[in-house]
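Right, one structure below, let's go through it.
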Amino acid sequence: LAGSTLGLKNALVAKLTLTGDGFSYISIFGGTGDEQVNAVALKAGEVYAVGTTSSPNFPQSGSLQAFQKAIPSVGATTDAFFSHLNDTGTAFVMSTYVGGGDDESGNAVAVDTAGNAYVAGTTKSANLLSASVVTPPFQATINTNNIGGVNTDGFVVRITAGNIADYNTYFGGTLNEVINAAAVDSAGMLYLAGQTFSAPASFPLGPNTAAAAFIGLDNTNGGAGDAFAAKLNPAAATAATQLVYSTYLGNAGADSATGIAVDLAGQAYVTGTTFVNLGGFTTSASGVGPPVDPGTIFTPLGTAGTGRDIFVAKLNASGSVLKNLTTIQGVLAPLTSTGIAVDSQEQVYLSGYVTGTTLAADTPAAVGPNSNAALVGPATGDQGFFARFTADLALQYLTYTNSGAGNSVKENGLALLDSTRDVFIAGTTTAAAATYTPAAIVSADNTFAGASEGFVFALNFNDAVNT
């Protein structure tokens, strides 16, 4: 793309045809350093990409001058970037650094109905906030313990359709925070998920009573880092009224949220990693009625062991009740969730991967028509998985993508076309195309040409047959 001076590792955005048998476009952009695209969002055929760059000459386009800071600056090596491409992938609508005087990473992006893009990630910069913001930030300053390179805070920047940064905030406590995922609903509410090591004394939690007593879901950081989920109203007139809720999610182990989605009722679906064998994961107690609140409905899948497991949690719109909690667990092999989506019927779609399944009990069994079983053995490598759940997080479908021979097949994210129940899953692999299971039906590219390559496949759910 115009303005790029390509180096060894650059950003790439590719659009496939609907049938998957060709590319509509492939766009490459960046500078003389390294770029990494970490997330994309779509609106009206246009792509919004965020990531990390080390280039001092990253291509810039548009009017967001406040964030166009050349890097590396003193002590810093990377900035986040935001690039908005037109619907043909031939030009930038706008492209900019998003950073201050220290390091940033752009990890997530969400676009609302008005075309405002919310860029979220991590920062070490005390000067990230922009003078052009209109709404006051929820958290105006970075926590002092994070300045200088040890820890990071989360950040959010809203960039309007007119390329103006009109909202900007830090999010975090005195220790380390990472925002891994973001979503926005039709009312303009912003949802964040990630990991925090900060204690309740410094981490933003809510809601609270007038006496500042916590009345939310979970205000205890149970272990070596907890997952968190938060809901903000950026349109609120004051910082004090922007926080709808913020809660820890986790137990005594290391927990992290890797994805978040929101349904039409404003309910959040959060996924991430935990250690089920330690017990004590965040739940809601049953309550009195009418109507009677049954508390958290817990559904464990697979065999509990000492390996890293996956959680999927459903929160009500106010964040006061964890309605459903489903875990995907195994005996030894670590599992990772990478993407989550929810459709108009509150059915949930999940992607991820499992590493080194040496035991049959390391993964739950495949479920549903046309599903593919997990491989078991010393040379299984990484295996991708895809799962679909009902509105109450009961498992409907589970399938694995694998190769064996020590190859890696990782499903790194997904997108849902709700109108047709088509799910598109992207990832990386070290396996030649001929060794994939299941085999591709059509392919724009079936030639394996390097040490590793990206892949995309699509599944269709018509509630009768999965293809």
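- Contact annotation: the side chain of Gln36 never approaches that of Asp34 to less than 4.5 Å [non-hydrogen atoms, C-beta and beyond].
- Using cut-offs of 30° and 60° on the angle between ring planes, the pair Tyr397 and Phe461 is perpendicular.
- Note: Thr53 OG1 to Glu104 CD = 12.0 Å, rounded to the nearest 0.5 Å.
- Thr52 and Ser105 form a side-chain donor-acceptor contact under 3.5 Å, judged by distance and modelled atom types alone.
- Taking the six-membered ring for Trp, Tyr269 and Phe389 have ring centres at least 6.0 Å apart.
- Aromatic ring pairs are classed by plane angle as parallel below 30°, tilted from 30° to 60° and perpendicular above 60°; the pair Phe92 and Phe29 is perpendicular.
- By the 4.5 Å heavy-atom criterion applied to side chains, Asn372 and Thr401 are not counted as neighbours.
- Using a 4.5 Å heavy-atom cutoff, the side chains of Val409 and Phe455 are in contact.
- Side-chain contact between Ile425 and Phe386 is present, with at least one heavy-atom pair separated by less than 4.5 Å.
- Proximity of Asp218 to Leu322: side-chain heavy atoms (C-beta onward) are nowhere separated by under 4.5 Å.
- Within 6.0 Å of CG in Leu18 there are 12 or fewer heavy atoms belonging to other residues, nucleotides or ligands.
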Open item on the list: Quick one, Thr258 with Ser337, criterion side chain to side chain donor-acceptor pair (under 3.5 Å). Give me CA distance, side-chain angles, the key distance, then yes/no.
Closed with: CA-CA 7 Å; Thr258 56; Ser337 58; 3.1 Å; yes
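- With ring centers used as reference points, Phe171 lies under 6.0 Å from Phe203.
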